[in-house]
Amino acid sequence: VENRLRARTAHKIMLPLPNELTIEQNIALLEDCVKELVKLGMIVDANIHYDNENNKHAHLMCSMRELVENRYGEIEFASTKNRDWHHKNFVNFVRQMHAEKVNEHYAMHGYDKRFCPKSYKDLGINVILAGNKQEAILVAKNIFKEVFEKENGKRKKSIIRSYRKL
(Lines give C-alpha, C1' and ligand atoms only; values in the text may rest on other atoms or scores of the structure.)
Protein backbone atom coordinates (compact mmCIF):
# COMPACT_ATOMS: atom_id res chain seq x y z
CA VAL A 1 0.00 0.00 0.00
CA GLU A 2 2.84 2.40 0.84
CA ASN A 3 4.72 3.85 -2.13
CA ARG A 4 7.33 5.99 -0.42
CA LEU A 5 10.50 4.48 0.97
CA ARG A 6 10.17 6.39 4.26
CA ALA A 7 6.41 5.91 4.63
CA ARG A 8 5.16 5.52 8.18
CA THR A 9 3.14 2.32 8.50
CA ALA A 10 2.68 2.19 12.27
CA HIS A 11 3.11 4.24 15.41
CA LYS A 12 4.21 3.23 18.90
CA ILE A 13 2.26 3.63 22.12
CA MET A 14 3.81 2.84 25.49
CA LEU A 15 1.57 2.00 28.45
CA PRO A 16 2.71 1.66 32.06
CA LEU A 17 1.56 -1.49 33.86
CA PRO A 18 0.77 -1.41 37.60
CA ASN A 19 3.35 -3.05 39.86
CA GLU A 20 0.54 -4.23 42.16
CA LEU A 21 -0.97 -6.56 39.55
CA THR A 22 0.43 -9.98 38.70
CA ILE A 23 1.66 -10.76 35.20
CA GLU A 24 -1.60 -12.58 34.42
CA GLN A 25 -3.64 -9.60 35.68
CA ASN A 26 -1.51 -7.19 33.64
CA ILE A 27 -1.99 -9.34 30.53
CA ALA A 28 -5.76 -9.17 31.05
CA LEU A 29 -5.51 -5.39 31.51
CA LEU A 30 -3.47 -5.04 28.33
CA GLU A 31 -5.93 -7.23 26.41
CA ASP A 32 -8.77 -4.90 27.48
CA CYS A 33 -6.81 -1.85 26.28
CA VAL A 34 -5.91 -3.50 22.97
CA LYS A 35 -9.56 -4.50 22.36
CA GLU A 36 -10.57 -0.84 22.59
CA LEU A 37 -7.99 0.11 19.96
CA VAL A 38 -8.94 -2.79 17.69
CA LYS A 39 -12.59 -1.63 17.83
CA LEU A 40 -11.38 1.55 16.11
CA GLY A 41 -10.08 -0.52 13.19
CA MET A 42 -6.42 -0.68 14.20
CA ILE A 43 -4.11 -3.64 13.99
CA VAL A 44 -2.19 -3.77 17.27
CA ASP A 45 0.95 -5.72 18.15
CA ALA A 46 1.49 -5.72 21.93
CA ASN A 47 4.66 -6.65 23.86
CA ILE A 48 5.02 -6.62 27.63
CA HIS A 49 8.37 -5.70 29.18
CA TYR A 50 8.90 -7.06 32.69
CA ASP A 51 12.69 -6.78 32.61
CA ASN A 52 12.78 -4.05 35.29
CA GLU A 53 10.65 -4.74 38.38
CA ASN A 54 10.00 -1.01 38.88
CA ASN A 55 9.25 -0.24 35.23
CA LYS A 56 6.68 -2.73 33.98
CA HIS A 57 5.25 -1.50 30.71
CA ALA A 58 3.89 -2.49 27.32
CA HIS A 59 4.83 -1.40 23.82
CA LEU A 60 2.02 -1.30 21.28
CA MET A 61 2.69 -1.00 17.55
CA CYS A 62 -0.49 0.31 15.94
CA SER A 63 -1.26 0.49 12.24
CA MET A 64 -1.73 3.89 10.65
CA ARG A 65 -4.41 2.61 8.27
CA GLU A 66 -7.79 1.35 9.39
CA LEU A 67 -9.13 -2.02 8.44
CA VAL A 68 -12.29 -1.54 6.37
CA GLU A 69 -14.71 -3.76 4.52
CA ASN A 70 -14.59 -3.46 0.73
CA ARG A 71 -17.60 -3.79 -1.59
CA TYR A 72 -17.09 -7.58 -1.77
CA GLY A 73 -17.28 -7.98 2.01
CA GLU A 74 -13.54 -8.56 2.36
CA ILE A 75 -11.43 -6.81 4.99
CA GLU A 76 -8.59 -4.64 3.69
CA PHE A 77 -6.61 -1.55 4.60
CA ALA A 78 -8.22 1.84 3.98
CA SER A 79 -6.87 3.75 1.01
CA THR A 80 -5.69 6.61 3.24
CA LYS A 81 -4.01 6.77 6.65
CA ASN A 82 -6.01 7.79 9.67
CA ARG A 83 -3.94 10.82 10.63
CA ASP A 84 -6.11 11.41 13.71
CA TRP A 85 -4.40 8.40 15.29
CA HIS A 86 -1.13 10.31 15.34
CA HIS A 87 -2.57 13.46 16.91
CA LYS A 88 -2.31 14.78 20.47
CA ASN A 89 -6.06 14.32 21.00
CA PHE A 90 -5.71 10.61 20.26
CA VAL A 91 -2.81 10.32 22.70
CA ASN A 92 -5.02 11.91 25.37
CA PHE A 93 -7.84 9.52 24.46
CA VAL A 94 -5.51 6.51 24.87
CA ARG A 95 -4.19 7.82 28.21
CA GLN A 96 -7.72 8.32 29.53
CA MET A 97 -8.91 4.93 28.26
CA HIS A 98 -5.85 3.23 29.80
CA ALA A 99 -6.47 4.96 33.15
CA GLU A 100 -10.10 3.83 33.16
CA LYS A 101 -9.07 0.24 32.39
CA VAL A 102 -6.37 0.27 35.12
CA ASN A 103 -8.91 1.58 37.64
CA GLU A 104 -11.41 -1.12 36.59
CA HIS A 105 -8.74 -3.78 37.15
CA TYR A 106 -7.70 -2.26 40.49
CA ALA A 107 -11.33 -2.49 41.63
CA MET A 108 -11.71 -6.00 40.18
CA HIS A 109 -8.72 -7.24 42.22
CA GLY A 110 -9.64 -5.44 45.45
CA TYR A 111 -7.22 -2.50 45.38
CA ASP A 112 -8.41 0.79 46.85
CA LYS A 113 -6.32 2.86 44.45
CA ARG A 114 -6.84 5.18 41.51
CA PHE A 115 -4.55 5.55 38.49
CA CYS A 116 -4.20 9.09 37.16
CA PRO A 117 -3.20 9.63 33.51
CA LYS A 118 -1.99 13.18 34.11
CA SER A 119 1.68 14.07 33.96
CA TYR A 120 3.50 15.74 36.87
CA LYS A 121 3.37 18.96 34.84
CA ASP A 122 -0.43 18.72 34.48
CA LEU A 123 -0.69 18.09 38.22
CA GLY A 124 1.42 21.19 38.90
CA ILE A 125 4.33 19.23 40.36
CA ASN A 126 7.83 20.40 39.56
CA VAL A 127 10.17 17.51 38.87
CA ILE A 128 13.90 18.16 38.71
CA LEU A 129 16.26 15.42 37.65
CA ALA A 130 18.59 14.87 40.55
CA GLY A 131 22.34 14.39 40.26
CA ASN A 132 22.77 12.12 43.30
CA LYS A 133 20.74 10.00 45.71
CA GLN A 134 20.39 12.68 48.41
CA GLU A 135 19.09 15.21 45.87
CA ALA A 136 16.63 12.59 44.56
CA ILE A 137 15.33 11.98 48.10
CA LEU A 138 14.94 15.73 48.65
CA VAL A 139 13.04 16.14 45.35
CA ALA A 140 10.84 13.13 46.20
CA LYS A 141 10.02 14.62 49.62
CA ASN A 142 9.06 17.94 48.01
CA ILE A 143 6.83 16.18 45.47
CA PHE A 144 5.27 14.17 48.30
CA LYS A 145 4.52 17.38 50.23
CA GLU A 146 2.89 19.00 47.16
CA VAL A 147 0.66 15.96 46.53
CA PHE A 148 -0.06 15.50 50.24
CA GLU A 149 -1.41 19.07 50.52
CA LYS A 150 -4.10 18.22 47.93
CA GLU A 151 -5.42 15.06 49.67
CA ASN A 152 -8.34 14.66 52.12
CA GLY A 153 -8.16 13.37 55.73
CA LYS A 154 -8.59 9.57 55.32
CA ARG A 155 -6.30 9.49 52.33
CA LYS A 156 -3.65 11.52 54.23
CA LYS A 157 -3.52 8.85 56.97
CA SER A 158 -3.05 6.15 54.35
CA ILE A 159 -0.28 8.17 52.68
CA ILE A 160 1.47 8.75 56.02
CA ARG A 161 1.48 4.98 56.73
CA SER A 162 2.92 4.28 53.26
CA TYR A 163 5.49 7.06 53.59
CA ARG A 164 6.75 5.78 56.95
CA LYS A 165 7.55 2.43 55.33
CA LEU A 166 10.02 4.18 53.00
Side-chain angles (χ1 to χ4, degrees), residues 1-2 6-70 73-127 129 139-140 143-144 146-152 154-156 158-159 162:
V1 176
E2 306 302 337
R6 294 177 156 229
R8 182 179 203 131
T9 58
H11 64 278
K12 183 165 89 171
I13 298 173
M14 288 181 63
L15 298 176
L17 298 173
N19 288 330
E20 298 82 6
L21 301 182
T22 66
I23 185 135
E24 293 82 11
Q25 293 167 341
N26 273 326
I27 289 171
L29 165 65
L30 188 58
E31 285 174 348
D32 284 353
C33 292
V34 168
K35 284 177 188 173
E36 292 297 316
L37 298 174
V38 170
K39 284 180 191 175
L40 300 174
M42 282 185 179
I43 295 176
V44 181
D45 175 39
N47 292 285
I48 294 179
H49 288 209
Y50 255 59
D51 50 344
N52 182 343
E53 191 65 29
N54 297 318
N55 186 20
K56 299 173 184 175
H57 60 281
H59 293 262
L60 308 180
M61 288 300 290
C62 305
S63 62
M64 292 295 292
R65 294 180 186 267
E66 296 178 64
L67 287 178
V68 294
E69 190 174 336
N70 67 16
E74 301 167 338
I75 302 296
E76 62 183 25
F77 283 109
S79 59
T80 58
K81 293 180 183 179
N82 187 334
R83 303 225 184 258
D84 292 339
W85 289 348
H86 200 63
H87 192 268
K88 188 175 183 175
N89 291 337
F90 183 72
V91 171
N92 291 333
F93 161 77
V94 171
R95 283 182 179 168
Q96 190 60 43
M97 177 270 299
H98 175 253
E100 290 168 9
K101 294 294 179 189
V102 169
N103 290 331
E104 285 174 21
H105 281 259
Y106 273 157
M108 192 185 318
H109 298 292
Y111 290 99
D112 185 28
K113 292 183 139 196
R114 300 285 299 160
F115 181 83
C116 179
K118 294 182 179 178
S119 66
Y120 286 131
K121 182 180 178 183
D122 291 341
L123 292 171
I125 298 171
N126 256 348
V127 177
L129 293 176
V139 170
I143 290 171
F144 174 79
E146 288 180 41
V147 172
F148 186 74
E149 302 281 324
K150 298 175 186 176
E151 294 293 339
N152 64 26
K154 286 183 181 178
R155 181 81 176 120
K156 281 186 178 182
S158 169
I159 291 171
S162 299

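All values below were derived from every heavy atom in this structure, side-chain atoms included, with hydrogens, water molecules and symmetry-related copies excluded. All values derive from a computational prediction rather than experimental measurement.
By the side-chain hydrogen bond (donor to acceptor under 3.5 Å, both in side chains) test, Gln96 pairs with no residue at all, sequence neighbours left out. Scanning for side chain to side chain contact (heavy atoms under 4.5 Å, CB included) contacts around Glu104 gives Lys101, with sequence neighbours left out. Residues meeting the side chain to side chain contact (heavy atoms under 4.5 Å, CB included) test with Ala99, sequence neighbours left out: Phe115, Pro117. Residues satisfying the side chain to side chain contact (heavy atoms under 4.5 Å, CB included) criterion with Asn54, sequence neighbours excluded, are Asn52.
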Let me have the donor-acceptor pairs involving side chains of residues 28-37, under 3.5 Å, with sequence neighbours excluded, atom names and distances please.
residue, atom, partner, partner atom, Å
Asp32, OD2, His105, NE2, 2.7
Glu36, OE2, Lys39, NZ, 3.3

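To the nearest 0.5 angstrom, Thr80 atom OG1 is 7.0 Å from Arg65 atom CZ. With values rounded to the nearest 0.5 angstrom, Asn19 atom CG is found 5.0 Å from Lys56 atom NZ. How far CG of Leu40 is from CH2 of Trp85: 6.5 Å, rounded to the nearest 0.5 Å. Atom CE in Met42 sits 8.5 Å away from atom CE in Met64 (nearest 0.5 Å). To the nearest 0.5 Å, atom CD1 of residue Ile27 and atom CG of residue Leu21 are 11.5 Å apart. With values rounded to the nearest 0.5 angstrom, Leu15 atom CG is found 10.5 Å from Arg95 atom CZ.
Looking only at side-chain heavy atoms (C-beta outward), Ile43 and Asp45 stay at 4.5 Å or farther from each other. Using a 4.5 Å cut-off on side-chain heavy atoms (C-beta onward), Phe77 and Val68 make no contact.
The shortest heavy-atom contact between Leu60 and Ala46 is CD2-CB, 3.4 Å. Pairing each heavy atom of Tyr50 with each of Ile23, the nearest pair is OH-CA, 3.4 Å.
Residues in residues 14-28 take part in these salt bridge (charged side-chain N to carboxylate O under 4.0 Å, His left out) pairs, two or more places apart or across chains: Glu20-Lys113.
Between His11 and Phe90, the ring planes lie perpendicular to each other; the angle is over 60°, past the 30° to 60° tilted range.
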